[in-house]
Q: 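The structure follows.
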Amino acid sequence: MAEEGLRKESKIEVMKRESRQLRGRIADELREETPNFSEESIQILKFHGMYQQDDRDLRQQRRRDGLDKAYSLMIRARIPGGVLDAEQYLQFDRLSEEFGNKTMRITTRQTFQMHGILKENVKETIQGINQCLITTLGGCGDQVRNIVGCALPVDDGVHRQMRADLLQLVDELAAKTNAYHEIWLDGEKVDLNPGEEPLYGEVYLPRKFKLAFAVEGDNCSDVYDNDLGIVAHPSGDSIEGYTLLVGGGMGRTASVKDTYPRLGTPIAFVEPQELVETARTIVSIQRDFGNRADRRYARFKYLLDSRGIPWFTAELEARLGRKLTPPRELVWHSATDHLGWHQHGADEWCLGLFVENGRIKDEGEGEFRLKSALRRIAMDYSPSMHLTTQQNIILGHIRAKDRAFVEALLREHGVMLPEEWSVLRQHSMACVALPTCGLATAESERALPLVMPDIESMLVELGLEDEPITIRMTGCPNGCARPYSAEIAFVGRSPGKYDLFLGGEFYGTRLNELYRELTPIEEFVSTLRPLFLEFIENRKDNERFGDFCARVGFEYLKELATV
Ligand code: SRM
Ligand code: SF4
């Protein structure tokens, strides 16, 4: 499949090539008084960090009323490692109120998305984001995406070095086109010069490319799910080197059987000073050999599987001009997000807050007002803000004497402290899905909060309420909430129906498998209940739910379900 597709360039490759390093007709279309962009511009806009969408809740009614779709844009920033200061946070807050749908969404790649921005306001929104020194270039598109890593603001040598290396990679691997400045920031037009994109050339990458950092032992950022996972090995207060994993990715198409999720394969250990060159070379191999004919097979994982890891390492060694050192063994003891209070300096504390499915919003008067609470905290205490890859937020650099005030502010706004959420909820994620995602075939962000109380009640009844279990939902098989590495996953297939996957490993090192296709949402609890009963009965010492399902096997579990 992947090889076969190498013959003819896909339509999007042609669009990229003809876009003159991401210019296309965007600037002209911005001046036109239409509510939407052309198909060609939509594709190029992705590279600038935005998606054209329409409100799918309104589609039918508008069609009946003879109206066009309710178009708007989703804008995704690029926030390396998820770190913001309070002023930057407040700028997103202001922009989402003025131009967006008044919510902000922490994504599974620790950045912000704003939804509902009208075409006429998009330029001002981008300028507002840039005013606080954040870009949206690289938020989406066929290039290196937001580089993620553990968000805990630990100020030791290891985390400082990792952050510095992460930023160096952002610098090295980011698109360099001047188109972004020309279009959005009214920058001076420069003549196209062939060196404008030293890494990407004219056609960028065949597909998105994702990188994640972790410190050995703590896989909170799901390194295995990335095209390139980078695991730091500390030695005292510094990093001795990194183990690199290649070819992770979650996306699959339910109807195309030879698309699949894959976990990264450890291939090498590199010293810190070798990291940037090695990462850049890995990206260049995908650039030169990745499938540019069929986008379904264009991710790096398909290149690796079609040509094989030995081919890849040989190519990497040839390009680097040196032999690779074998990877270190990876041992994990945590993958939980860093919720609750942690001390990270002499008089500095951080508070990891659980944000249900990443949505920062206010709901009604006096009830749940997370957005107002965070605004007040940002204004009064100026914490650093750290978005996590599990859609949560950590407020950093809070002094001990302010802790009680911060908690009081949260309570005043109806915001629960992390420990007040169930253990299951703390390990849950859902992708956006409806009404904005054009690819959703089922609800996700709006559905998970509705089904969780019943699952939680069942776990309380069975005495399993303290059991950490990763549980994730998506509105289609694309895998935006990384469902295939969770212990339990509901993957939307059609309205109200989900494929149920089980048996992932808690630390994200084993993929789950399809247990029951097209499970109606009303049957989640009745489907899971016999499995949990069996788990209580037959688990080995401290065995986790995912490991138990994988050990006993689905045939056995399915028999139980029919008893
Ligand atoms: Fe994703 C496409 C949302 C993380 C795999 N993803 C989309 C789009 C843009 C839909 C579209 O193409 O029209 C979604 C926009 C929804 C909306 O209304 O906002 C969307 N993806 C998201 C976010 C916001 C989910 C979330 O709830 O947080 C995440 C934004 C991350 C970011 O800040 O960059 C998001 N997407 C992911 C992840 C998880 C990750 O990267 O850690 C994955 C799986 C990992 C991977 O890439 O393999 C992921 N998204 C996809 C895919 C499948 C790609 C593939 O290899 O087949 C698509 C569809 C596509 O690219 O064709 C997709
Ligand atoms: Fe949309 Fe599917 Fe991604 Fe969910 S998993 S945000 S439904 S593309």
Side-chain angles (χ1 to χ4, degrees), residues 12 42-43 45-46 49-56 72-80 82 101 103-116 136 138-148 206-212 221-227 229 247-254 256 259-264 294-302 355 357-359 387-392 429-448 472-485 489-493 498 508:
I12 292 180
I42 290 171
Q43 295 305 332
L45 278 166
K46 293 180 186 176
M50 60 206 89
Y51 265 75
Q52 181 166 296
Q53 303 183 318
D54 71 288
D55 187 333
R56 294 182 59 186
S72 66
L73 287 117
M74 172 272 273
I75 296 188
R76 188 186 287 165
R78 199 187 73 202
I79 305 180
N101 68 359
T103 75
M104 288 136 77
R105 196 160 192 298
I106 307 172
T107 73
T108 52
R109 295 197 71 75
Q110 63 185 172
T111 185
F112 274 135
Q113 277 189 185
M114 287 188 287
H115 291 97
T136 62
C140 324
D142 299 340
Q143 56 192 318
V144 167
R145 298 291 188 86
N146 197 39
I147 304 186
V148 301
R207 209 59 162 90
K208 58 182 94 172
F209 196 97
K210 299 182 173 178
L211 284 80
S221 57
D222 272 339
V223 275
Y224 290 86
D225 299 2
N226 285 259
D227 296 277
M250 293 278 104
R252 52 181 273 276
T253 310
V256 185
T259 59
Y260 49 84
R262 183 186 191 283
L263 296 182
D294 189 339
R295 292 181 65 78
R296 288 173 307 178
Y297 306 113
R299 290 297 292 272
F300 187 36
K301 60 185 174 184
Y302 298 115
V355 179
N357 304 324
R359 186 70 69 174
L387 311 180
T388 83
T389 55
Q390 296 183 36
Q391 305 175 316
N392 298 314
M429 292 206 287
C431 73
V432 184
L434 295 165
T436 51
C437 178
L439 304 178
T441 49
E443 294 280 356
S444 182
E445 181 186 332
R446 299 194 293 199
L448 193 61
R472 297 175 179 175
M473 180 182 260
T474 56
C476 84
N478 278 316
C480 298
R482 299 188 290 274
Y484 310 111
S485 51
F490 305 110
V491 173
R493 285 283 301 281
Y498 298 78

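This chain uses plain numbering: 1 for the first residue, then up along the sequence. Just so you know, ligand 1 is whichever comes first in the structure, and atom 1 is the first atom listed for that ligand.
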Q: Verify whether one side chain among Arg296 and Thr259 offers a donor that lies under 3.5 Å from an acceptor in the other.
A: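 The criterion, which ignores hydrogens and geometry beyond distance, is not satisfied for Thr259 and Arg296.
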Q: Provide the protein N, O or S atoms situated under 2.8 Å from atom 1 (Fe) of ligand 2; waters are not included.
A: Cys437 SG
Q: Who's touching ligand 1 if we go heavy atoms under 4.0 Å?
A: Tyr51, Gln53, Met74, Arg76, Arg105, Thr107, Thr108, Arg109, Thr111, Gln113, His115, Arg207, Lys208, Lys210, Gly249, Met250, Gly251, Arg299, Gln391, Ala430, Cys431, Val432, Thr436, Cys437, Leu439, Asn478, Gly479, Cys480, Arg482
Q: Within the 4.0 Å heavy-atom shell around Gly479, which atoms of ligand 2 are there?
A: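 In order of numbering, the contacting atoms are 5 (S).
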Q: Side chains of Asn146 and Thr111: donor-acceptor distance under 3.5 Å anywhere?
A: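 Judged by distance alone, the side chains do not pair up.
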Q: Can you tell which of Arg299, Arg262, Lys301 makes a salt bridge (Lys or Arg N to Asp or Glu O under 4.0 Å) with Asp227?
A: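 By the salt bridge (Lys or Arg N to Asp or Glu O under 4.0 Å) criterion, Asp227 pairs with just one of Arg299, Arg262, Lys301: Arg299.
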Q: Pick one: which of Met473, Arg446, Gln391 meets side chain to side chain contact (heavy atoms under 4.5 Å, CB included) with Asn357?
A: Gln391
Q: Return yes if some donor-acceptor pair links the side-chain N/O of Tyr484 with the main-chain N/O of Pro477 below 3.5 Å, else return no.
A: yes
Q: Is a side-chain N or O of Arg207 found less than 3.5 angstrom from the main chain of Phe300, in a donor-acceptor match?
A: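 The answer is no, because no donor-acceptor pair under 3.5 Å joins these two groups.
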Q: For the backbone of Gly249 and the side chain of Asp225, can you confirm whether one donor and one acceptor N or O come within less than 3.5 Å of each other?
A: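 Not confirmed, Asp225 side chain does not pair with Gly249 backbone.
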Q: Quick one: does Gln110's side chain have a donor or acceptor within less than 3.5 Å of a partner on Thr107's backbone?
A: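 No, because the side chain of Gln110 does not come within donor-acceptor range (under 3.5 Å) of the backbone of Thr107.
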Q: If only side-chain N and O atoms count, and only distance matters, is there a donor-acceptor pair under 3.5 Å linking Arg145 with Asn226?
A: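 There is no such pair between these side chains.
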Q: Do Arg295 and Asp142 meet the salt-bridge criterion of a basic N to acidic O distance under 4.0 Å?
A: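 Looking at Asp142 and Arg295, the cut-off is met.
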